[in-house]
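Everything below concerns the one structure shown next.
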Amino acid sequence: LPRLGEFNSQNIANTVWAFACAGCIASDRIAALLDRIIAVLSTFEAIGLSQLYQFWLSVSVEHPQLQRLEPHHQERLRQAYVQTMPRPSRLQRNVSTALSRLGWTHEFEYVTEEGFSLD
């Protein structure tokens with residue numbers, strides 16, 4: 001990422017989110033990404049912070065030794081992620097309705113401590 005210093009907050013968020021989704025987080029690139037994120041963290045909008053949270057979770061699992069975000073930054077990312085969670089799909093609502101009709105007690109939406117919503 002030779003042009004990383006030119007990336008604005010949305011460029012960074014899109015890049016790290018794509019890395020996290022694809023599972024392509026190489027440890028040699030993480031340090032540079034985290035340094036740039038920390039340098040421009042105050043410029044991110046909610047959706048970018050949400051994308052950063054997904055990246056941060058991937059880093060914390062895959063490369064915990066490179067975790068550089070302060071706890072208050074981690075919480076800020078988590079809050080943005082939780083607030084921008086997608087709405088349940090029609091399919092999810094239909095499946096839930098069908099399970100209820102069958103008498104199957106279930107939780108419509110389970111949210112983990114990390115903020116992940118599980119159908």
Side-chain angles (χ1 to χ4, degrees):
L1 298 169
R3 296 177 53 193
L4 183 60
E6 299 171 23
F7 282 23
N8 66 27
S9 59
Q10 193 59 55
N11 297 143
I12 294 168
N14 291 344
T15 301
V16 300
W17 180 77
F19 284 162
C21 288
C24 299
I25 301 177
S27 61
D28 60 330
R29 303 212 192 276
I30 292 173
L33 285 168
L34 289 173
D35 288 343
R36 182 67 179 148
I37 288 167
I38 291 166
V40 297
L41 191 59
S42 65
T43 67
F44 283 87
E45 295 182 18
I47 192 68
L49 293 171
S50 178
Q51 291 172 310
L52 288 178
Y53 183 66
Q54 294 172 70
F55 170 72
W56 175 79
L57 285 175
S58 295
V59 169
S60 66
V61 169
E62 300 285 329
H63 304 283
Q65 74 281 8
L66 296 175
Q67 199 335 348
R68 295 180 180 187
L69 291 179
E70 298 291 330
H72 66 278
H73 291 310
Q74 295 170 23
E75 181 58 19
R76 182 172 174 218
L77 299 181
R78 191 187 76 74
Q79 285 297 323
Y81 180 78
V82 169
Q83 292 173 2
T84 60
M85 290 173 53
R87 285 174 251 135
S89 67
R90 182 182 320 171
L91 175 62
Q92 180 182 346
R93 289 190 303 271
N94 290 344
V95 168
S96 179
T97 299
L99 291 173
S100 294
R101 286 183 183 150
L102 292 171
W104 190 321
T105 303
H106 62 283
E107 195 167 337
F108 179 72
E109 198 75 25
Y110 176 79
V111 179
T112 68
E113 182 178 311
E114 294 82 11
F116 284 108
S117 174
L118 307 175
D119 302 347

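- Ile37 places none of its side-chain heavy atoms less than 4.5 Å from the side chain of His73.
- Rounding to the nearest 0.5 Å gives a distance of 13.0 Å between CD of Gln74 and CD of Gln79.
- Taking every heavy atom of both residues into account, His106 and Ser100 meet most closely at CE1-OG, 3.3 Å.
- In this structure, the side chains of Phe55 and Leu77 stay at 4.5 Å or more apart for every pair of heavy atoms.
- Side-chain contact between Gln51 and Gln10 is present, with heavy atoms from C-beta onward closer than 4.5 Å.
- Residues forming a salt bridge (Lys or Arg N to Asp or Glu O under 4.0 Å) with Glu45 (at least two apart in sequence, or on another chain): none.
- With contacts defined as side-chain heavy-atom distances shorter than 4.5 Å, the pair Arg93/Phe108 qualifies.
- Residues Leu91 and Val95 form a side-chain contact, since some pair of their non-hydrogen atoms from C-beta on lies under 4.5 Å apart.
- Arg36 is linked by a side-chain hydrogen bond (donor to acceptor under 3.5 Å, both in side chains) to nothing, counting only residues two or more places apart in sequence or in another chain.
- Residues Ile47 and Tyr81 are members of separate hydrophobic clusters, defined by side-chain heavy-atom contacts under 4.5 angstrom among Ile, Leu, Val, Met, Phe, Trp and Tyr.
- In the hydrophobic cluster analysis, where Ile, Leu, Val, Met, Phe, Trp and Tyr join through side-chain heavy atoms closer than 4.5 angstrom, Phe7 is grouped together with Val16.
- Two residues are said to be in side-chain contact when any heavy atoms from C-beta on lie closer than 4.5 Å; Thr43 and Asn8 fail this criterion.
- In this structure, Ser96 contributes its side chain and Gln92 its backbone to no donor-acceptor pair below 3.5 Å.
- Taking every heavy atom of both residues into account, Ala46 and Ala80 meet most closely at O-CB, 3.8 Å.
- Here OG of Ser50 is found 12.0 Å from CZ of Phe44. Values are rounded to the nearest 0.5 Å.
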